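This report concerns only the one structure given below.
Remember, it's a predicted structure, so these values are computed and weren't measured experimentally.
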Amino acid sequence: VQLQASGGGMAQAGGSLRLSCAASGRPVGRIIDRIAIAWFRQAPGKEREFVAAISWSGGTPSYADSVKGRSTISRDSAKNTVYLQMNSLKPEDTAIYYCAALDSPSTSAQDMGVMPSDEYDYWGQGTLVTVSS
């Protein structure tokens with residue numbers, strides 16, 4: 001499975017961005033329905049942190065407290081893509097955002113939010129988000 005993250009860019013505080021994570025590779029078909037996707041971010045000089053996740057079953061997503069209420073993760077199965085809509089952006093949202101996939105049908109989004117990031121099976125290349133005040 002290959003993941004392609006996109007949608008990053010520059011925004012002013014209070015603005016919005018929508019990040020996309022497109023999945024491709026084997027198995028063919030609706031790959032995005034077979035894997036669980038999470039977004040992580042890493043700001044300069046800081047460790048990578050969990051942002052949001054949506055499980056394989058598409059149940060209740062999970063969010064980090066720092067983005068809860070301002071972000072929505074969703075999945076478009078027809079496009080094999082997961083989105084992260086980020087609103088009311090803050091300068092502290094500035095980071096490189098990565099999407100990661102977990103090849104597990106049984107892990108909930110809540111569990112994905114607390115598991116170590118090195119347990120994820122696939123990673124995208126990252127997309128930079130810069131928020132100015």
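The SG atom of Cys21 lies 10.5 Å from the CH2 atom of Trp123; values are rounded to the nearest 0.5 Å. With rounding to the nearest 0.5 Å, the separation of CG in Asp76 from OH in Tyr83 is 4.5 Å. Rounding to the nearest 0.5 Å places OG of Ser117 at 12.0 Å from CG of Leu102. One distance of note links CD1 of Ile37 with CG of Leu84; it measures 12.0 Å at 0.5 Å rounding. Arg75 contributes atom CZ, which lies 5.0 Å from atom CD1 of Ile54 (distance to the nearest 0.5 angstrom). Atoms CG and OG1, from Leu19 and Thr127 in turn, are 6.0 Å apart once rounded to the nearest 0.5 Å.
Taking all atoms of both residues into account, the shortest heavy-atom contact from Thr81 to Ser20 is CG2-CB, 4.1 Å. Closest non-hydrogen pair, Ser66 versus Arg41, comes out as OG-NH2, 3.3 Å. Nearest heavy-atom pair, Ala109 versus Ser62, reported as atom, atom and distance to 0.1 Å: O-OG, 2.6 Å. For Ala101 against Leu3, the heavy-atom pair with the smallest separation is N-CD1, 3.6 Å.
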*Do Arg70 and Lys90 pass the side chain to side chain contact (heavy atoms under 4.5 Å, CB included) test, and can you show the C-alpha distance, the side-chain angles, and the key distance before you say yes or no?*
CA-CA 10 Å; Arg70 301 188 294 119; Lys90 303 176 181 181; 3.8 Å; yes

*Should Met86 and Val51 be marked as a side chain to side chain contact (heavy atoms under 4.5 Å, CB included) after you check the CA-CA gap, both sets of side-chain angles, and the distance that decides it?*
CA-CA 11 Å; Met86 301 180 65; Val51 177; 5.5 Å; no

*Check step by step if side chain to side chain contact (heavy atoms under 4.5 Å, CB included) holds for Val1 and Asp103.*
CA-CA 9 Å; Val1 175; Asp103 190 6; over 6 Å; no

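With hydrophobic clusters built from ILVMFWY side chains whose heavy atoms lie under 4.5 angstrom apart, Ile73 does not share a cluster with Phe50. Cluster annotation: Met115 is not connected to Ile35 through the hydrophobic network of ILVMFWY side chains, with a link wherever side-chain heavy atoms come within less than 4.5 Å.
With sequence neighbours excluded, no residue forms a side-chain hydrogen bond (donor to acceptor under 3.5 Å, both in side chains) with Glu92. Taking Lys68 as the reference, Tyr63, Asp65 meet the side chain to side chain contact (heavy atoms under 4.5 Å, CB included) condition, with sequence neighbours excluded.
With Thr94 contributing its side chain and Val131 its backbone, the two residues share a donor-acceptor pair below 3.5 Å. Under the 3.5 Å distance criterion, the side-chain polar atoms of Gln110 are matched with a main-chain donor or acceptor of Thr60.
Between Phe40 and Tyr120, the ring planes lie perpendicular to each other; the angle is over 60°, past the 30° to 60° tilted range.
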Kindly list each side-chain donor-acceptor pair under 3.5 angstrom involving residues 5-18, sequence neighbours excluded, with atom names and distances?
unit_1	atom_1	unit_2	atom_2	d
Ser16	OG	Asn87	OD1	2.9

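Judged by the 6.0 Å and 45° rule, Arg48 forms no cation-pi pair with Trp39.
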